[in-house]
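Notes follow once the structure below has been shown.
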Amino acid sequence: MARAMTADEFQRMLTQLTGAPPPGTVPKDEPQNFFEQGQASLQAQEQMNQKLNSLSDFMNHYINNTDAELKQEFKRLGLSVYESLVDTDRMLAAKKLNVMSEMDGYVDEILKYNNGQSTFASQGFERKSFDVFVKTNKVSAKGVPLDQTYQYIPKSIPEAHMKFDGKLFNLKQGDSKISAKSFHDIEKIALKGGEYSDELSAFRKIKQHIDKKELPSNVIFKARKW
């Protein structure tokens with residue numbers, strides 16, 4: 001039987017994952033001018049997003065399941081096509097199951113939305129579709145977004161961050177990175193859920209059935225090359 005984690009060990013784990021200073025730590029000096037403050041704020045936000053994604057992975061209850069249990073859960077959800085993923089990328093398999101476990105919550109959000117009980121966006125974000133919220137942090141002189149953050153329903157789909165590096169528009173989401181030459185191309189990818197486009201597409205099919213007052217059909221994912 002695994003040994004229970006002590007309070008001190010848990011505190012150290014949170015410190016490593018979130019970057020939060022342990023109790024009693026004296027914070028470093030703050031940036032002195034406005035420019036330094038702005039740069040420090042953007043860097044701190046990006047680092048925190050990465051840390052929160054890591055914490056989210058750690059808290060995923062599928063992480064501790066056996067390979068057989070993961071495969072059985074894919075079968076139960078009608079996603080047998082993903083069983084082999086357990087053998088090639090166990091962490092990704094657990095992430096996908098974690099997303100699909102929010103199916104009931106997604107349906108609840110649809111019903112609330114259709115009854116005028118809209119989910120409020122986080123501060124600075126605007127709703128681009130039912131399940132995608134976008135925050136624009138920086139634009140070019142012509143008004144083209146150069147720095148954006150995307151949040152999704154369900155919450156288990158990792159937040160995505162798009163940033164232009166002078167040549168390419170790069171979309172970072174968890175451990176993955178997708179690049180495109182135009183904002184239009186990278187925006188299409190981001191609005192579809194980034195690396196989780198299959199999952200978000202499956203959720204959206206549920207919404208289509210509910211909006212049309214049809215009974216949902218079994219969710220089938222198309223196979224993806226890993």
Side-chain angles (χ1 to χ4, degrees), residues 17 42-43 45-60 62-63 74 77 79 81-82 85 88-103 105-106 109-110 113 119 121-122 124-139 144-208 219-226:
L17 289 175
L42 288 176
Q43 291 174 1
Q45 183 61 52
E46 188 168 347
Q47 290 172 359
M48 180 56 71
N49 289 341
Q50 294 173 353
K51 299 294 186 181
L52 288 177
N53 283 332
S54 298
L55 180 60
S56 176
D57 292 343
F58 182 85
M59 300 302 287
N60 181 346
Y62 287 107
I63 293 296
F74 276 124
L77 293 171
L79 306 175
V81 68
Y82 278 125
L85 185 60
T88 58
D89 194 333
R90 197 174 187 285
M91 178 66 76
L92 184 58
K95 285 183 179 181
K96 287 185 175 292
L97 284 173
N98 197 43
V99 171
M100 297 313 296
S101 69
E102 291 196 34
M103 191 174 286
Y106 189 86
E109 291 292 344
I110 294 171
Y113 182 80
T119 301
S122 302
F125 284 79
E126 63 173 324
R127 193 170 216 143
K128 292 291 285 188
S129 64
F130 163 71
D131 45 20
V132 182
F133 301 89
V134 182
K135 179 181 180 182
T136 301
N137 307 305
K138 183 180 180 182
V139 297
V144 178
L146 302 176
D147 190 316
Q148 282 188 326
T149 304
Y150 295 81
Q151 292 182 346
Y152 304 92
I153 300 175
K155 296 291 186 182
S156 55
I157 293 181
E159 181 177 282
H161 187 76
M162 182 280 292
K163 193 170 185 179
F164 182 62
D165 65 6
K167 293 183 180 180
L168 297 173
F169 292 85
N170 302 300
L171 186 72
K172 291 184 179 181
Q173 187 179 31
D175 298 326
S176 71
K177 179 181 178 181
I178 304 173
S179 299
K181 292 183 178 180
S182 74
F183 168 71
H184 178 68
D185 289 341
I186 205 70
E187 182 187 42
K188 282 201 303 185
I189 295 171
L191 293 178
K192 289 180 180 179
E195 281 293 308
Y196 292 78
S197 59
D198 286 354
E199 286 79 355
L200 196 57
S201 175
F203 279 109
R204 287 173 173 174
K205 286 179 183 177
I206 295 172
K207 186 175 189 303
Q208 290 173 3
V219 177
I220 303 296
F221 285 99
K222 60 183 180 182
R224 181 190 291 173
K225 295 180 181 179
W226 301 103

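Every heavy atom of this structure was used, including side-chain atoms; hydrogens, water molecules and symmetry mates were not.
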Exercise. Taking side chain as C-beta onward, heavy atoms only, is F169 less than 4.5 Å from V144?
Worked result: yes

Problem set entry | Side-chain touch M162/F183, heavy atoms, less than 4.5 angstrom | yes

Problem set entry | Qualifying residue for salt bridge (charged side-chain N to carboxylate O under 4.0 Å, His left out) with D131, from K155, R204, K207 | R204

Drop me the distance from [X]'s [atom1] to [Y]'s [atom2], to the nearest 0.5 angstrom.
| X | Y | atom1 | atom2 | result |
| --- | --- | --- | --- | --- |
| Q151 | E159 | CD | CD | 4.5 Å |
| S197 | I157 | OG | CD1 | 9.5 Å |
| R127 | Y113 | CZ | OH | 5.5 Å |
| T149 | K163 | OG1 | NZ | 10.0 Å |
| F125 | Q148 | CZ | CD | 10.0 Å |
| K128 | F133 | NZ | CZ | 13.0 Å |

Exercise. Under 30°, 30 to 60°, or over 60°: which ring-plane class applies to Y106 and F203, parallel, tilted or perpendicular?
Worked result: tilted

Exercise. Got a donor-acceptor contact below 3.5 angstrom from the Q173 side chain to the G193 backbone?
Worked result: yes

Can you name the closest pair of heavy atoms from [X] and [Y] and give their distance?
| X | Y | value |
| --- | --- | --- |
| L200 | P154 | CD1-CD, 4.4 Å |
| P145 | T136 | CB-CG2, 4.3 Å |
| G174 | P158 | N-CB, 4.4 Å |

Exercise. Would E187 and Y150 count as a side chain to side chain contact (heavy atoms under 4.5 Å, CB included) if you check the C-alpha gap in whole Å, the side-chain angles of each, and the deciding distance to 0.1 Å?
Worked result: CA-CA 10 Å; E187 182 187 42; Y150 295 81; 3.9 Å; yes

Problem set entry | Qualifying residue for side chain to side chain contact (heavy atoms under 4.5 Å, CB included) with I186, from L168, N170, I178 | I178

Exercise. Cut-off 3.5 Å, side chains only: do D147 and H161 have a donor facing an acceptor?
Worked result: yes

